[in-house]
Amino acid sequence: MQAPTHDSRLTIHDLLKQYWGFDSFRPLQEDIINSVLNGTDTLALMPTGGGKSLCYQVPALAKDGLCLVVSPLIALMKDQVENLRRKNITAFAIYSGMSRKEVINTLKTATDSNCKFLYVSPERLETNLFKEYLPAIDINLIAVDEAHCISQWGYDFRPPYLRIAALREELPGVPVLALTASATKEVQDDICDKLSAIQTKPTGFFKNNTVKNNWNIFRQPFERPNLSYSVFRVDSKINKILEIISKVPGTGIVYCKSRKRTKEISDLLKLQNITADFYHAGLNSEERTRKQEDWIKNKTRIIVCTNAFGMGIDKPDVRTVVHADVPDSLENYYQEAGRAGRDGKKSFAVLLYDEQDIQELNELPAIRYPDIETIKETYDAVASYLQVPSGSGDGEYFDFDISDFLKKFKLNSHAVIYSLKALEQDGWLSFNEQVFVPSSVYFTINKNNLYQFEKDHAGLEPLIKTLLRSYDGIFDFPTIISETVIAGLLKKDKEVVKKELLQLLAYGVIHYSPQKDKPQLFFSKNRVKADDLVINTFRYKTRKEKFITRIKSMIDYTTETITCRSKITGNYFGDLAIKDCGICDNCLRKKDTTLTKEEFEKIHDRIVAIMNKESMEAKDLILQLTGIKKEKAWKVIDVLQSENKIMIDNKGLIRLK
Ligand code: ADP
Ligand code: MG
């Protein structure tokens with residue numbers, strides 16, 4: 001028996017209080033945690049910001065051993081590790097861009113130390129290293145964040161996630177907790193299916209019998225009683241945005257689809273004396289952090305951004321989320337819109353559209369799914385550009401400057417980007433536009449030599465002291481550092497700090513890998529000739545069809561004028577029991593147009609009097625019905641039309657029968 005390592009006597013409530021300072025769990029958290037502690041495979045669906053991390057962190061602390069966390073976003077992973085370390089919980093991370101030596105070091109340290117959390121980005125699971133080191137690590141739970149990425153029919157399929165099933169076979173008996181903010185019923189089933197370990201019972205009659213574990217599925221209700229959804233078809237988006245922002249006080253987000261538009265809209269808002277700023281992935285990380293902080297601290301009221309904004313942001317008092325363009329899936333829309341009103345106070349999610357948006361959505365499938373020939377050409381061009389000879393490249397990372405590549409090869413940028421995506425989903429390579437690898441440092445000399453070094457290089461001593469003081473564990477293992485923070489502590493310029501770090505590296509005192517945020521291209525197989533490039537066309541076509549269905553659902557949501565919006569999204573995500581929310585535009589319109597029998601008859605009589613068997617435009621009729629609510633008048637016209645008492649002629653004019 002191993003001695004309990006991490007306060008295993010504490011209840012989950014004690015842990016919550018002790019490490020997080022919270023008095024109670026949020027809805028579902030406790031159920032999820034207990035399910036995991038029972039050893040059951042569990043799927044948890046909770047909105048972004050709902051508190052998914054606690055669902056694996058608490059049970060992992062309640063048990064001996066280490067929790068392996070698969071997570072796709074390096075920046076978020078970094079935050080989590082820092083947060084845990086601040087609570088004196090040992091945590092490490094392994095992600096793309098780390099050298100093999102760094103990975104080995106981290107795995108070794110995780111094995112030998114009292115490490116409770118090991119974060120791994122999914123493409124790192126492909127290395128055999130893991131198989132080598134896993135048996136030595138006492139793993140108590142596998143947490144899979146953004147679990148929808150495992151579904152190749154979902155909206156964000158990432159092939160390396162499929163490796164998790166193989167990992168499970170190496171770790172029999174270790175439960176899985178899959179976490180996601182949104183997944184359709186189909187994707188939920190796919191997650192459970194793909195993550196299920198096919199386990200062979202070791203003894204008894206059931207030898208060789210395969211048993212698929214039963215899953216517990218927890219889903220937070222889709223209703224957001226304080227969030228009012230609405231959609232407007234508009235001629236001028238900017239006017240509507242201004243109208244919304246001036247009507248609803250408080251802070252807000254305006255999502256748009258292009259980087260260029262974020263600045264344009266932000267500038268227009270500023271002209272109206274609204275404190276606005278813009279944000280997109282093309283800005284450097286310092287600018288992004290600054291803009292985000294200013295918005296969180298309410299120095300900026302409205303942030304105009306692409307969908308790069310919002311991941312991992314936890315701001316409870318967002319009053320409005322406006323979408324100036326229609327997103328390409330309800331999954332994305334629901335997540336982004338759901339950032340409004342976390343504090344439970346009345347908030348608004350508004351989607352704006354015009355005919356062009358709908359047309360562009362309809363054109364998307366052809367753009368997102370280029371033909372196979374284009375994919376092959378792209379593959380060849382990229383491999384030539386990176387000078388990867390045939391038969392090599394497997395497992396290598398390349399800095400990939402896509403704009404330079406496009407210029408040299410004179411290719412269409414969409415065709416290239418989506419061909420790369422197709423190649424990625426078929427397992428040939430992976431391309432990540434936003435790989436951000438933060439700086440990291442660890443010491444490579446022993447304490448005695450360091451002491452001597454400090455005496456000999458007094459100028460570098462303050463930096464060494466600051467590193468050791470600010471980052472626990474930095475002496476032994478790669479630790480993410482921030483040159484900006486250190487520069488602040490030392491009251492030195494950031495560039496000077498970087499130079500000094502490079503000096504320490506040159507002296508062999510530390511290992512220093514400066515931050516990278518260049519796009520990276522990773523070859524997961526050796527280069528082949530374009531003719532030998534095999535793409536699974538059946539899968540590719542099926543994915544395209546699923547994409548078309550998703551687009552259609554988004555268009556349906558946008559143009560729907562009757563069904564409750566929470567109902568539409570709820571049904572989409574597999575929750576069929578949703579009641580009318582009563583506060584979305586469609587519900588409000590229905591409320592407005594609930595007619596009494598008397599009202600109906602009164603409006604009907606007026607219509608008969610006005611029309612008198614003449615043909616006219618419906619909107620002229622409405623105009624003449626003075627003193628009557630437009631919605632009610634429309635309702636009566638609709639009813640008369642459905643009863644064939646009103647006819648529409650081929651010029652679009654209406655006439656009483
Ligand atoms: P998700 O991963 O679902 O997007 P996070 O795990 O990042 O959400 O949590 C979002 C925020 O909610 C964090 O700031 C976290 O500390 C907070 N939180 C989580 N659970 C609770 C709780 N029971 N009580 C109070 N705050 C909580
Ligand atoms: Mg999360």
Side-chain angles (χ1 to χ4, degrees), residues 10-34 36 42-62 67-87 89 91 93 95 116-117 119-122 141-150 156 158 161 176-183 191 217-222 224 253 292-293 295-297 307-318 321 331-332 334-344 573:
L10 295 180
T11 67
I12 59 174
H13 285 94
D14 295 340
L15 289 165
L16 182 72
K17 185 74 188 162
Q18 175 173 331
Y19 286 100
W20 282 271
F22 300 147
D23 291 317
S24 58
F25 285 105
R26 287 191 181 153
L28 288 193
Q29 282 180 328
E30 202 169 346
D31 296 333
I32 295 167
I33 291 167
N34 284 325
V36 168
T42 305
L43 169 61
L45 293 121
M46 272 181 158
T48 314
K52 288 187 284 295
S53 322
L54 272 185
C55 296
Y56 60 82
Q57 288 169 343
V58 170
L61 290 176
C67 170
L68 193 68
V69 189
V70 181
S71 168
L73 300 159
I74 295 168
L76 293 191
M77 198 144 106
K78 183 194 79 169
D79 287 351
Q80 298 267 0
V81 169
E82 275 176 11
N83 282 337
L84 289 166
R85 286 188 183 170
R86 233 172 275 139
K87 302 184 203 308
I89 299 168
Y95 40 83
K116 290 302 291 179
F117 296 93
Y119 284 78
V120 188
S121 58
L141 173 65
I142 305 169
V144 183
D145 211 359
E146 312 292 341
H148 56 270
C149 294
I150 204 171
D156 192 13
R158 300 181 191 222
Y161 264 73
V176 158
L177 171 59
L179 306 136
T180 176
S182 57
I191 292 171
I217 300 183
F218 295 94
R219 190 169 55 198
Q220 211 162 61
F222 285 93
R224 295 281 308 274
I253 310 176
Q292 185 176 312
E293 287 294 307
W295 178 75
I296 287 174
K297 291 188 191 129
N307 60 7
F309 183 79
M311 289 275 199
I313 290 177
D314 180 34
K315 185 168 169 60
D317 59 346
V318 180
V321 173
E331 282 91 334
N332 285 333
Y334 180 73
Q335 282 212 44
E336 287 158 16
R339 298 198 168 111
R342 294 263 173 72
D343 55 6
F573 293 118

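In each ligand, atom 1 is the first atom listed, and ligand 1 is the first ligand listed. Hydrogens, waters and symmetry mates are skipped; everything else that's a heavy atom, side chains included, is used. As the structure is a prediction and not an experimental result, all values here were calculated from the model.
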Problem set entry | Pocket residues of ligand 1, ordered first by chain and then by residue number (heavy-atom cut-off under 4.0 Å) | F22, S24, F25, R26, Q29, P47, T48, G49, G50, G51, K52, S53, L54, D314
For this session: Name all residues meeting the side-chain contact (heavy atoms from CB on, under 4.5 Å) criterion together with P316; count only those two or more places apart in sequence or in a different chain, and write none if there are none.
Result: R342, D343
Compare all side-chain heavy atoms of [X] with those of [Y] and state whether any distance is below 4.5 angstrom.
X   : Y   : result
F25 : I33 : yes
Q57 : Y19 : no
L10 : Q18 : yes

Problem set entry | Aromatic ring pairing Y56/Y119, orientation class (parallel under 30°, perpendicular over 60°, tilted between) |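 Rings of Y56 and Y119: perpendicular, as their planes differ by over 60°.
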Problem set entry | Sidechain-backbone polar pair: R224 side chain, G341 backbone, donor-acceptor under 3.5 Å |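 The answer is yes, because a donor-acceptor pair under 3.5 Å joins these two groups.
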